[in-house]
Amino acid sequence: MNAPLISCLQLSKTFGSIEAVSGISFDLGETEFLSILGPSGCGKSTLLRLVAGLETPDMGSIALSGREISSPRVLLPSEKRKFGMIFQDFALFPHMSVA
């Protein structure tokens with residue numbers, strides 16, 4: 001059996017006293033689709049930022065095709081992960097326009 005495309009094992013991330021992600025584990029195959037649902041503030045965006053490489057987990061690991069790309073001791077830069085992330089809010093560069 002092939003390794004999952006993305007494998008997250010016991011991911012945790014805190015910001016000060018706020019536990020944004022706590023012990024999340026999942027495997028995602030190459031042909032699978034994953035939806036992340038939950039109320040505001042439950043850690044959905046933090047989980048996506050961890051997978052994209054915009055945050056480093058405090059605990060746990062992320063593997064891409066069986067190769068560890070993120071953990072407290074390993075961090076493959078986001079630009080080398082070949083993932084995309086589309087933010088729901090355009091406030092990333094509020095001073096700029098499409099033109």
Side-chain angles (χ1 to χ4, degrees):
M1 182 175 170
N2 293 337
L5 178 62
I6 299 172
S7 181
C8 293
L9 181 62
Q10 293 297 309
L11 282 181
S12 294
K13 179 68 179 177
T14 58
F15 298 100
S17 64
I18 306 213
E19 194 172 38
V21 174
S22 177
I24 299 291
S25 295
F26 66 87
D27 290 333
L28 185 64
E30 190 169 333
T31 60
E32 294 179 308
F33 185 87
L34 175 69
S35 295
I36 304 168
L37 304 173
S40 179
C42 74
K44 300 179 302 288
S45 294
T46 301
L47 177 60
L48 292 174
R49 291 177 62 82
L50 287 165
V51 171
L54 302 174
E55 296 286 349
T56 304
D58 296 330
M59 291 179 22
S61 65
I62 302 169
L64 177 62
S65 299
R67 176 180 168 222
E68 188 174 67
I69 61 170
S70 189
S71 72
R73 66 186 180 284
V74 174
L75 181 62
L76 182 68
S78 59
E79 66 272 13
K80 294 189 178 181
R81 294 184 185 208
K82 299 182 181 178
F83 291 152
M85 183 171 171
I86 300 171
F87 297 91
Q88 71 181 25
D89 189 341
F90 60 87
L92 183 59
F93 300 108
H95 65 286
M96 299 174 80
S97 70
V98 174

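When every heavy atom of S71 is checked against every heavy atom of P57, the shortest pair comes out as CA-CG, 3.8 Å. Of all the heavy atoms in S12 and G23, the pair that sits closest is OG-N, 3.0 Å. Contact detail for S70 and L75: the closest heavy-atom pair is OG-CD1, 3.9 Å.
Annotation: the span from I62 atom CD1 to L50 atom CG amounts to 5.5 Å, rounded to 0.5 Å. Distance check: L28 CG to F33 CZ gives 9.5 Å after rounding to the nearest 0.5 Å. With rounding to the nearest 0.5 Å, the separation of OG1 in T46 from CG in L11 is 11.0 Å.
Note on I24: it clusters hydrophobically with L5, by side-chain heavy-atom contacts below 4.5 Å among ILVMFWY residues. Under the 4.5 Å side-chain contact rule for hydrophobic residues, L34 and L64 share a cluster. Under the 4.5 Å side-chain heavy-atom criterion for ILVMFWY residues, a single connected hydrophobic cluster contains both L54 and L48.
Every pair passing salt bridge (Lys or Arg N to Asp or Glu O under 4.0 Å) that includes a residue from residues 64-78 is listed here, sequence neighbours excluded: E68-R73. Contacts classified as side-chain hydrogen bond (donor to acceptor under 3.5 Å, both in side chains) and involving residues 50-62 (residues at least two apart or in different chains) are given here: T14-D58, R49-E55. Residue pairs meeting the salt bridge (Lys or Arg N to Asp or Glu O under 4.0 Å) criterion with at least one partner in residues 35-47, sequence neighbours excluded, do not occur; the list is empty.
Here S7 pairs with D27 under the side-chain hydrogen bond (donor to acceptor under 3.5 Å, both in side chains) rule; sequence neighbours left out. Looking at residues two or more places apart in sequence or on another chain, you find a side chain to side chain contact (heavy atoms under 4.5 Å, CB included) between S22 and E19. With sequence neighbours left out, K80 forms a side chain to side chain contact (heavy atoms under 4.5 Å, CB included) with L76, P77.
Counting heavy atoms from C-beta outward, F26 and L47 have side chains that approach closer than 4.5 Å.
Within a 6.0 Å sphere centred on CD of E79, other residues, nucleotides and ligands contribute more than 12 heavy atoms.
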